[in-house]
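What follows is a short report on a single structure.
Letters A, B, ... are given to chains in the order of the sequence lines, protein chains preceding strands, and every chain is numbered from 1. Only heavy atoms go into these numbers, but all of them, side chains included; no hydrogens, no water, no symmetry mates.
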Amino acid sequence: MPLPAVQLDGTIVLQAPDLDLRATLLCGQCFRWEERGTGFFGVVSDRAALVSYRDGNLLIAPATPLKEDEAAFWRNYFDLDRDYEALRRQMALHPVLREACAFASGIHILRQPFFETLCSFILSANNNIPRIKGIIERLCACFGPALEDGHFGFPSPETLAALKKEDLAPLRCGYRASYLLDAARRMASGELDETALKAGPMPDARAALQTVMGVGPKVAECVLLYGLGRMEAFPVDVWMRRALLEHFPQGFPEEYRSCAGLAQQVLYHWVRQSGKSGEKA
DNA sequence: AGCCAGGGAGTCG
DNA sequence: CGACTCCATGGC
């Protein structure tokens with residue numbers, strides 16, 4: 001008999017039989033989760049929570065007051081309603097993807113808030129993950145809404161759009177400051193329509209995203225995948241380029257397009273952690 | 001000191 | 001188009 005979604009102590013219990021929480025939160029798709037004891041603490045949008053995994057269930061202990069849609073919010077964030085079994089079944093048809101899947105099973109593609117994702121990956125350009133995390137934390141602490149537990153939510157496009165690049169000096173994000181402001185202004189002006197980016201043709205969505213300063217092919221694919229839920233997106237960095245050359249000399253096969261995003265994430269996890277394809281320590 | 005970090009913009013030819 | 005160079009910052 002299924003557990004109620006919200007327990008008496010406020011903990012939300014979500015069934016997630018095939019989820020690898022640790023791999024999902026540490027594989028480089030998100031920047032605001034920190035391992036804490038047996039779980040992870042993080043802030044998404046304006047909600048903070050301590051999450052953990054036990055007996056096939058994802059346990060969410062919100063650190064900010066529960067909203068009416070709390071369970072639905074986290075269910076969507078962790079992408080629990082997508083049929084990952086079907087995606088992995090399809091990937092198992094390809095020898096390379098099958099091997100990568102076996103190594104990194106249980107990774108979910110997070111459905112992160114769009115603007116937050118856009119900013120995060122603009123900041124990721126020619127940067128390393130620890131420093132990206134630091135910049136994002138300073139961005140939230142300086143300009144984000146104060147949450148009830150002392151943490152800070154992600155600033156709104158309107159808030160950032162009203163700033164000048166000198167105001168962003170405390171972030172120490174270098175030349176990316178003006179890119180951040182451009183993204184915020186495009187959002188605030190309504191020029192970037194999240195609904196259209198989610199539903200419209202991929203080429204149109206790519207082109208629209210790349211009109212933002214600091215958004216090139218790589219960042220656009222990341223935003224499409226992690227911030228707009230578009231599984232057909234396929235971010236390619238130098239490592240992935242190497243892996244593609246080695247394992248997919250004719251390019252990523254179109255017949256796997258519907259699971260491309262997960263395939264990319266799994267391949268990335270695989271080549272970075274198992275020493276496959278490129279021998280950097 | 002020098003190199004690298006999940007790239008991208010600007011400028012050449 | 002393709003092949004450069006520079007871009008701020010911090011860690012090693």
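A donor N or O paired with an acceptor N or O is not found under 3.5 Å between the base of B/dG6 and the side-chain atoms of A/Q29.
Every residue two or more places apart in sequence or in another chain was checked for a side-chain contact (heavy atoms from CB on, under 4.5 Å) with A/D55, and none qualifies. Taking A/D81 as the reference, A/R75 meet the side-chain contact (heavy atoms from CB on, under 4.5 Å) condition, with sequence neighbours excluded. A/F143 pairs by the ring-ring contact (aromatic ring centres under 6.0 Å, His included) definition with nothing, not counting sequence neighbours. For A/T11, the side-chain hydrogen bond (donor to acceptor under 3.5 Å, both in side chains) test picks out A/D9, with sequence neighbours left out. Remark: A/D46 pairs with A/K67 by the salt bridge (Lys or Arg N to Asp or Glu O under 4.0 Å) rule, at least two apart or across chains. Every residue meeting the ring-ring contact (aromatic ring centres under 6.0 Å, His included) condition with A/H94, not counting sequence neighbours, appears here in chain and number order: A/F248, A/Y256.
For the contact set between residues 127-141 of chain A and DNA chain B, defined by any heavy atom under 4.0 Å, the members are A/N127, A/N128, A/I129. Contacts between residues 169-177 of chain A and DNA chain C, defined by a heavy-atom separation under 4.0 Å, are made by A/R172, A/G174, A/Y175, A/R176.
If you measure from atom CZ of A/R242 to atom P of B/dG7, you get 12 Å, rounded to the nearest angstrom. Regarding A/L123, its CG atom lies at a distance of 14 Å from the P atom of B/dG6, rounded to whole Å. Summarising the geometry, the separation between CG on A/D237 and C1' on B/dG6 is reported as 4 Å, rounded to the nearest angstrom. Regarding A/F234, its CZ atom lies at a distance of 18 Å from the P atom of B/dG6, rounded to whole Å.
Counting only residues at least two apart or in different chains, ring-ring contact (aromatic ring centres under 6.0 Å, His included) contacts with residues 182-210 of chain A are absent. Among residue pairs with one or both ends in residues 105-133 of chain A, those qualifying as salt bridge (Lys or Arg N to Asp or Glu O under 4.0 Å) are A/D79-A/R111; sequence neighbours excluded.
With 3.5 Å as the limit, one finds no donor-acceptor pair spanning the side chains of A/S258 and A/E232. The closest side-chain donor-acceptor pair between A/S156 and A/T159 falls under 3.5 angstrom.
Extent of DNA chain C lying under 4.0 Å from chain A heavy atoms, first and last nucleotide in 5' to 3' order, is C/dC7 to C/dG10.
Counting only heavy atoms from C-beta outward, the side chains of A/V6 and A/V13 never approach each other to under 4.5 Å.
Paired with A/E85 under the rule side chain to side chain donor-acceptor pair (under 3.5 Å), one option of A/R88, A/R89, A/R82 passes, and it is A/R89.
As rounded to the nearest Å, C/dG10 and B/dG8 have P atoms that lie 22 Å from one another. Rounded to whole Å, the P atom of B/dG6 lies 13 Å from the corresponding atom of C/dC12. C/dC6 and B/dG2 are spaced 15 Å apart, taking the P atom of each and rounding to whole Å.
Ring geometry for A/Y226 against A/F121 counts as parallel: the plane angle stays under 30°, on a 0 to 90° scale with 60° as the upper cut.
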Polar pairs (N or O, both sides) under 3.5 Å between protein and nucleotides 9-13 of chain B?
| from | atom 1 | to | atom 2 | distance (Å) |
| --- | --- | --- | --- | --- |
| B/dA9 | OP1 | A/G214 | N | 3.2 |

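Residue contacts for A/Q264: at a heavy-atom cut-off of 4.0 Å it reaches a base atom on one of the strands shown.
Enclosure of atom CZ in A/R54 is not indicated, since only 12 or fewer non-hydrogen atoms of other residues, nucleotides or ligands lie within 6.0 angstrom.
Stacking between A/W239 and the base of B/dG6 is absent under the criterion of ring centres within 5.5 Å and planes under 30 degrees.
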